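Some notes on the structure that comes next.
A note on names: the letters A, B, ... follow the listed sequences, proteins ahead of strands, and every chain is numbered from 1. Given the structure is predicted, the values throughout are model-derived calculations rather than measurements.
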2 protein chains.
Amino acid sequence: MPQPASPPGDFGSLVTLLQTRGPTLPKRLRQVAEHMLAHPDDMAFQTTAQIAVSAGVQPSTLVRFAQALDYAGFSDLQQVFRARLRQQNSDHRARLAALRSGRPAEDGMARSLLEGFVRASQASLEALQGRIQPAEIEAATNLLARAETIFLVGSRRMFPVVSYLAYAFGKLGIRSILVDNIGGLGGEQAAIATTSDAMIAVSCAPYTPQTIEIAAQAHRNGVPVIALTDGPLSPLAMHCRRWLEVSEADFGEFRSMAATFALAMTLAVATAEKIRADA
Amino acid sequence: MPQPASPPGDFGSLVTLLQTRGPTLPKRLRQVAEHMLAHPDDMAFQTTAQIAVSAGVQPSTLVRFAQALDYAGFSDLQQVFRARLRQQNSDHRARLAALRSGRPAEDGMARSLLEGFVRASQASLEALQGRIQPAEIEAATNLLARAETIFLVGSRRMFPVVSYLAYAFGKLGIRSILVDNIGGLGGEQAAIATTSDAMIAVSCAPYTPQTIEIAAQAHRNGVPVIALTDGPLSPLAMHCRRWLEVSEADFGEFRSMAATFALAMTLAVATAEKIRADA
DNA sequence: TCAATTATGGAATGTTTGTTCCATCAGTCA
DNA sequence: TGACTGATGGAACAAACATTCCATAATTGA
């Protein structure tokens, strides 16, 4: 025996070890490493024979793999995955208990922040599903499907939404222009829109004046403007062809974006489907 | 053999069964039942011999117990406990997978699309909450809180995330630079980062080569790089100081962004809180 | 291109594991 | 109290298991 050696005892260090040693490993062992990381649950319960089949290797390879990592054998390696599952289970249970008792989880700011944002997102998604009428989406989609080019307008916190829309439309093969206001040229970028185009404008309170202005200008010029905004009294809702309501839940001073993104993606894909159906 | 019999397949029904039949059971079998309910995790992993010792009975008693409950043997009973452990885990995984295969129906397209995106988002959020360890977030936050300037790197579908982070950091009074690759100058924008700065890099498969390259370069230069990516074998996870896992559900050809946004917002606010606490 | 080294597949092996069997024990009804 | 029914402990068993071994294939270095 050359060394007592110190194989990782917890899942985290095992992952780290695999990251560093992975690339240097022989083909089959690398295959095992990838399977392990992709299906950590199976590693905890299944036998060498079962895992070997789903990883596409021989059982003996699993043992060799464990030994290459300085474990005595496969069983020792498996303990790491079992420990991980145990811990996750107790974490999960503790979180549920904390939720049930109403108090916002003692351990650490990170946990309660994450919980807050997750809950805000979930609340927003539920509200969206309950509030939006599919017919409204269909109507907006009709306008978009007819457009030669779709202009995307949104600033500040809403810029991510329109930049994602630009990505999605691009991938769907729909011509779009992201009005990113670079060099302060937002107005000029949008001014080339005509009545045979369309515009998606996104803004919620506190409204960005320039977004409102660009949308209103396009609307006056007869461009079909679809607004994603937070209520009928929004200045954006007043200067557009059609508007869709997204009400996001706040957490702290930040607003969830989940519902707006879900709606935006729906619009994009629905438009693509409609164009395909019309053709 | 009197009956084919139907032993409980899930943990819940097993508990119910034990509650009703428990009092009528012989002494040793009752002893087993109590031990089982008190140490369900052990039941999933340990062998008959080990469990027998800690329950103070013979291994054969465990088999008898299982058979008294209409299981074929101890192994069948053990499956129930194993299923319980992997459930809250693969629960999420299964839901993510189920969504992946679901093609939007033709009729009422808008509704089913919206529903699909909403469900993908919700599944992603749940998976995030179940998987992420708050300690990992804290560790990442520590690096960020120390930074003079935080560089934000992400392209294509991930650009919305970093652009939102730029907005959030700005609002929180934390100095950040959005590496937007304008004019193809991404590398130069990021090259000015030093060891007293930090970087957040976001990329999931299919990875954007430039994002990987920028993050790896910064990492080589000693800049603390926090990666938001989709697995330990991601090229981004291999070239960073710390990485956080976000697994988003797909719907159609588009991926939810909900979990990534929730995590990004958590990072931003947690960093701000930490900075405020240190001051 | 050839030898040396390492990796791999598959059968053989020794151990561990769940299970069964049977003698003994405790409790129950006459 | 004494036969009977069911429960219990512990050893014996057979199946499943991780592991090892060896012949063969692939890879590496000269």
Is it the case that atom CZ in B:R156 sees more than 12 heavy atoms from other parts of the structure closer than 6.0 Å? no

Test A:Y167 against B:F159 for ring-ring contact (aromatic ring centres under 6.0 Å, His included), laying out the working first. CA-CA 9 Å; A:Y167 168 83; B:F159 182 71; over 10 Å; no

Could you tell me the separation between the CG atom of A:D76 and the C1' atom of D:dC17, rounded to a whole number of Å? 15 Å

Report the distance from atom CZ of A:F65 to atom C1' of C:dT8, rounded to the nearest whole Å. 16 Å

Taking the six-membered ring where the residue is Trp, are the ring centres of A:F117 and B:F261 under 6.0 Å apart? no

Calculate the interatomic distance between B:Q31 atom CD and D:dA7 atom C1'; express it in whole Å. 13 Å

Where the side chain of B:P26 is defined as all heavy atoms beyond and including C-beta, which of D:dT19, C:dT19, D:dT8 is the nearest nucleotide? D:dT8

Step by step, work out the side-chain hydrogen bond (donor to acceptor under 3.5 Å, both in side chains) result for A:S75 and A:Q78. CA-CA 5 Å; A:S75 306; A:Q78 195 173 40; 5.3 Å; no

To the nearest angstrom, how far is A:Q46 atom CD from D:dC17 atom C1'? 14 Å

Do the charged groups of B:E248 and B:R131 touch, with an N to O distance under 4.0 Å? no

Verify the contact: side-chain N or O of A:Q58 to OP1 or OP2 of C:dG10, cut-off strictly under 4.0 Å; return yes or no. yes

Length of the CG-C1' vector between A:L77 and D:dA18, whole Å: 13 Å

Whole Å only: how far is the CG atom of A:L62 from the P atom of C:dT8? 12 Å

Rounded to the nearest Å, what distance is computed from the CD atom of residue A:Q78 to the C1' atom of nucleotide C:dT17? 14 Å

N/O-N/O pairs, protein side and nucleotides 20-28 of chain D side, under 3.5 Å:
| unit_1 | atom_1 | unit_2 | atom_2 | d |
| --- | --- | --- | --- | --- |
| D:dT20 | OP2 | A:Q67 | NE2 | 2.6 |

Closest to side chain of A:F74, choosing from D:dA18, C:dT8, C:dT19: D:dA18

To the nearest angstrom, the OH-P distance between B:Y71 and C:dG18 comes to 16 Å

A:R82/B:D41 salt bridge by N-O under 4.0 Å criterion: no

Counting only side-chain N and O atoms of A:T47, is one of them less than 4.0 Å from OP1 or OP2 of D:dA16? no

To the closest 0.5 Å, what do you measure between CE (B:M43) and CZ (B:R84)? 11.0 Å

